[in-house]
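Counting from 1, the numbers follow the sequence of the chain as shown. These figures come from a predicted structure and were not determined experimentally.
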Amino acid sequence: MGRGRVQLKRIENKINRQVTFSKRRSGLLKKAHEISVLCDAEVALIVFSTKGKLFEYSTDSCMERILERYERYSYAERQLLSNEQESNISWTVEHAKLKARMEVLQRNQKHFMGEDTDSLSLKELQNLEQQLDSALKHIRSRKNQLMYESISDLQKKDKALQDHNNFLSKKVKEKEKEIVQRAQWEQQNNNNSNGVDSSSGLVPLPQPLQSLNIGVNTYEARAGDHGGEDDQTTETQNHANAMLPPWMLRHLYE
């Protein structure tokens, strides 16, 4: 039959317990040496007997250096765990605070909307009414301020448009005056080129009438013996021909 499984419990017999301790201790030290050689690991083993006797094993490194390394790593691990626990606790507390605050804000919002007011007392309702009145005053004040600012902006825009309109009107008047002056100047140049007398508004006789007047005068000179009445009539006709207006001259040429 094979060896049965040994139940792990404290050996009540003191002698058997001491013998088992010695055997197991030797095997434990041997295993520690084997793992240090096979796996190139730093191993430190400390065993205290029931009587307080120390049994230890360490690799080629000294026991103090291995224990110092152990303390350093174990402290860092404990510090990390402590920080994580503190962080978790801090986040838990912060989450609880934010959750409670959100619930309060939601409840206040419902109260401001006139909902869930059955559970409020008379004093709480009065405080709520005062808060609403104060909020309405601030809202009206802000609304009036925005209206005044809007009116001021519109007035500034209106003034700017009026100034621009006046400027454009002035430009239009100057342009009209310039056009009138240019038209008068062109008309004056045309009158001067056509030989118009600006003072009397009359033009000299055209060439056919001048020839006619010359012929009449020659005939009158030849017939000088007819008397003073004919001379006076001829002079009157010559003066009338010289004073003919321009529109009659145009009809003569048509």
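The salt bridge (Lys or Arg N to Asp or Glu O under 4.0 Å) test applied to Asp163 returns Lys159, not counting sequence neighbours. Checked against salt bridge (Lys or Arg N to Asp or Glu O under 4.0 Å), Arg140 has no partners two or more places apart in sequence or in another chain. In this structure, Glu174 has no salt bridge (Lys or Arg N to Asp or Glu O under 4.0 Å) partners at least two apart in sequence or on a different chain. Contacts of Lys30 classified as side chain to side chain contact (heavy atoms under 4.5 Å, CB included), with partners at least two apart in sequence or in another chain: Glu34.
With respect to the salt-bridge test (charged N to carboxylate O, under 4.0 angstrom), the residues Arg182 and Glu186 do not qualify.
Summarising the local packing, CZ of Phe112 is surrounded by more than 12 heavy atoms from other residues, nucleotides or ligands at distances under 6.0 Å. Residue Glu149 qualifies as enclosed at atom CD: its count of foreign heavy atoms under 6.0 Å is above 12. The environment of CD in Gln131 is crowded: more than 12 heavy-atom neighbours from other residues, nucleotides or ligands sit within 6.0 Å. By the 6.0 Å contact criterion, CD1 on Ile15 is open, its count of non-hydrogen atoms from other residues, nucleotides or ligands being 12 or less. Around CD of Glu124, the count of heavy atoms belonging to other residues, nucleotides or ligands within 6.0 Å exceeds 12. Around the CG atom of Asn16, the shell of radius 6.0 Å holds more than 12 heavy atoms that belong to other residues, nucleotides or ligands.
Annotation: the span from Ile179 atom CD1 to Glu176 atom CD amounts to 7.0 Å, rounded to 0.5 Å. Between the CE atom of Met147 and the OG atom of Ser152 there is a distance of 13.5 Å, given to the nearest 0.5 Å. Rounded to the nearest 0.5 angstrom, Lys143 NZ and Gln145 CD are separated by 13.0 Å. Distance check: Asn144 CG to Ile151 CD1 gives 9.5 Å after rounding to the nearest 0.5 Å. With values rounded to the nearest 0.5 angstrom, Ser26 atom OG is found 12.0 Å from Arg24 atom CZ.
Residues Glu115 and Gln109 form no side-chain contact, since every pair of their non-hydrogen atoms from C-beta on lies 4.5 Å or further apart. Contact check for Asp158 versus Leu154: no side-chain heavy atoms found under the 4.5 Å cut-off. Glu68 has its side chain within reach of Arg72: a pair of non-hydrogen atoms, C-beta onward, lies under 4.5 Å apart. At least one side-chain heavy atom of Thr59 sits less than 4.5 Å from a side-chain heavy atom of Ile66. At least one side-chain heavy atom of Arg10 sits under 4.5 Å from a side-chain heavy atom of Arg17.
Cluster partners of Phe21, by chain and number: Leu28, Leu29, Leu45, Val47, Phe55, Tyr57. The rule joins Ile, Leu, Val, Met, Phe, Trp and Tyr whenever side-chain heavy atoms lie under 4.5 Å apart. Ile35 forms part of a hydrophobic cluster together with Val43, judged by ILVMFWY side-chain heavy-atom separations under 4.5 Å.
For the pair Ser169 (side chain) and Asn165 (backbone), a donor-acceptor distance under 3.5 Å is present. Judged by distance alone, with hydrogens and angles left aside, the side-chain atoms of Ser141 form no donor-acceptor pair with the main-chain N or O of Lys137 at under 3.5 Å. Side-chain atoms of Ser49 come within 3.5 Å of backbone N or O of Lys53 as a donor-acceptor pair.
Residues Leu67 and Phe48 share a single hydrophobic cluster, defined by chaining ILVMFWY side chains whose heavy atoms lie under 4.5 Å apart.
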